[in-house]
*Asks:* 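Here's a structure for you.
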Amino acid sequence: MTIQLFDLTGKTALVTGGTHGLGMAIATGLAEAGATLIVNDVFADKLDAAKKEYEKNGIHVHTYVLDVTNEAAVEEMVPRIETEVGPIDILVNNAGIIKRIPILEMKADEFRQVLDVDLTGPFIMSKTIAKGMVKRGGGKIINMCSMMSELGRDTVSAYAAAKGGLKMLTRNMATEWARFNIQANGIGPGYFATEQTAPIRVGGHPFNEFIIKRTPAGRWGNPEDLAGTAVFLASKASDFVNGQIVYVDGGILATIGKPANED
Ligand code: GCO
């Protein structure tokens with residue numbers, strides 16, 4: 001039965017930065033589809049708050065303090081997680097930061113910090129966990145890309161460079177690991193109502209109206225809008241899907257947009 005292809009019962013999923021926003025919505029979707037859930041964050045207090053939130057929704061979650069940019073810590077923690085919880089079948093590289101600074105004013109260290117979390121982090125997590133997936137005969141990797149994997153925007157150069165790089169890293173993972181039955185794909189969220197976009201969405205910020213007009217769906221995305229795509233890319237339903245970025249954007253990338261005065 002096709003619907004059973006989306007069942008994640010017996011699978012274990014790690015969602016990096018799954019303590020809020022899009023990461024939490026995706027993690028919740030994977031758990032509701034049957035997966036055992038693990039989330040990490042660099043901040044223990046965020047993990048504690050998230051654990052309460054998940055349990056309020058009837059979801060049991062395993063939490064670990066882990067910095068995805070620290071290769072030695074990742075190589076030490078992954079075997080521990082896999083012993084304590086179980087082999088990781090699904091990895092969602094969601095943890096990310098953004099700095100909105102014009103290129104002319106941005107310091108190289110600020111640029112590096114964004115690249116480190118948003119691009120090197122997924123590289124480190126994926127290569128460390130994929131070693132086990134190769135031995136076990138397969139697995140799923142989902143990388144959180146962005147509109148900035150395709151489009152530029154004032155002030156987000158480092159983020160765009162990282163998300164553009166993550167799109168190509170995803171394709172190279174597929175190239176190197178499809179032979180091991182590992183499917184590596186990406187999700188490209190459009191503009192979603194989250195903590196991360198609040199600075200450009202609330203308080204009458206002009207970008208809010210711009211996005212509502214620029215998005216054919218005529219609204220900002222809700223984090224839950226991502227759960228279905230994540231379950232698809234984490235499940236047997238996508239066993240022959242590899243190196244693809246699924247844009248969940250209300251149609252932004254499909255259109256050039258329309259003049260502001262046109263309804
Ligand atoms: C920004 C936003 C974006 C979105 C998202 C779009 O400043 O433009 O924060 O980066 O969060 O990544 O896909």
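Counting from 1, the numbers follow the sequence of the chain as shown. Nothing here was measured: the structure is a model prediction, and the numbers come from that model. We count ligands from 1, going down the list as the structure has it; atoms in each ligand are counted the same way. What's counted below: heavy atoms across the whole structure, side chains too, no hydrogens, waters or symmetry copies.
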*Asks:* With backbone taken as N, CA, C and O and side chain as the heavy atoms from C-beta onward, which portion of Lys163 lies under 4.0 Å from ligand 1: side chain, backbone, both, or neither?
*Replies:* neither
*Asks:* Under 4.0 Å, heavy-atom basis, I'd like to know which part of Ile98 is in contact with ligand 1: side chain, backbone, both or neither.
*Replies:*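 It is the side chain that gets close, since no backbone atom is under 4.0 Å.
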*Asks:* Measure the distance from atom 6 (C) of ligand 1 to every protein heavy atom, then report the residue, atom name and distance (to 0.1 Å) of the closest one.
*Replies:* Gly190 O, 3.3 Å
*Asks:* Within the side chain of Asn94, is there an N or O that forms a donor-acceptor pair under 3.5 Å with the backbone of Gly17?
*Replies:* yes
*Asks:* Considering only the protein, which heavy-atom contact is closest to atom 5 (C) of ligand 1, and what is its distance?
*Replies:* Ser146 OG, 3.7 Å
*Asks:* Just jot down the ligand 1 atoms closer than 4.0 angstrom to any heavy atom of Val156, in number order.
*Replies:*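 The list of qualifying atoms is 7 (O).
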*Asks:* May I ask you to check if ligand 1 and Phe207 share an N or O to N or O distance below 3.5 Å?
*Replies:*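 Among all N and O atoms of Phe207, none is under 3.5 Å from an N or O of ligand 1.
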*Asks:* With a 4.0 Å heavy-atom cut-off (strictly under), which part of Thr194 contacts ligand 1: side chain, backbone, both or neither?
*Replies:* neither
*Asks:* Could you find the nearest protein heavy atom to atom 2 (C) of ligand 1 and give me its residue, atom name and distance?
*Replies:* Tyr191 CE2, 3.5 Å
*Asks:* Look at Glu150 together with Lys167 and state whether they make a salt bridge at an N to O cut-off of under 4.0 Å.
*Replies:*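 Salt bridge flag = yes for Lys167 with Glu150.
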*Asks:* With atoms numbered from 1 as shown, which atoms in ligand 1 lie under 4.0 angstrom from a non-hydrogen atom of Pro189?
*Replies:*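 Near Pro189, meaning under 4.0 Å from one of its heavy atoms, ligand 1 has 6 (C), 13 (O).
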*Asks:* Tell me: protein heavy atom nearest atom 11 (O) of ligand 1, and distance?
*Replies:*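 Here the closest protein heavy atom is Gln196 OE1, 2.6 Å.
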*Asks:* Can the positive tip of Arg153 be found less than 6.0 Å from the middle of the six-membered ring of Phe207, inside 45° of the ring normal?
*Replies:* yes
*Asks:* Using a 3.5 Å cut-off and no angle test, enumerate the donor-acceptor pairs between side-chain atoms of residues 111-123 and protein atoms at least two apart in sequence or in another chain.
*Replies:*
unit_1, atom_1, unit_2, atom_2, d
Arg112, NH1, Asp109, OD1, 2.8
Gln113, OE1, Lys99, NZ, 3.4
Asp118, OD1, Ile97, N, 2.7

*Asks:* Quickly, which of Arg136, Lys135, Lys131 forms a salt bridge (charged side-chain N to carboxylate O under 4.0 Å, His left out) with Glu82? Name it, please.
*Replies:*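 Of the listed options, the one satisfying the test is Arg136.
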*Asks:* Please could you name the atoms of ligand 1 that Ile200 approaches to less than 4.0 Å, counting only its heavy atoms?
*Replies:* 1 (C), 2 (C), 7 (O)
*Asks:* Do Arg80 and Glu84 sit within salt-bridge range, that is, some charged N less than 4.0 Å from a carboxylate O?
*Replies:* yes
*Asks:* What residue and atom, counting heavy atoms only, is the protein's closest point to atom 10 (O) of ligand 1, and at what distance?
*Replies:*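 Closest protein heavy atom to atom 10 (O) of ligand 1: Tyr159 CE2, 3.0 Å.
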*Asks:* Atoms of ligand 1 less than 4.0 Å from Arg153 heavy atoms?
*Replies:* 1 (C), 7 (O), 8 (O)
*Asks:* Purely on distance, is any nitrogen or oxygen of Met147 under 3.5 Å from one on ligand 1?
*Replies:* yes
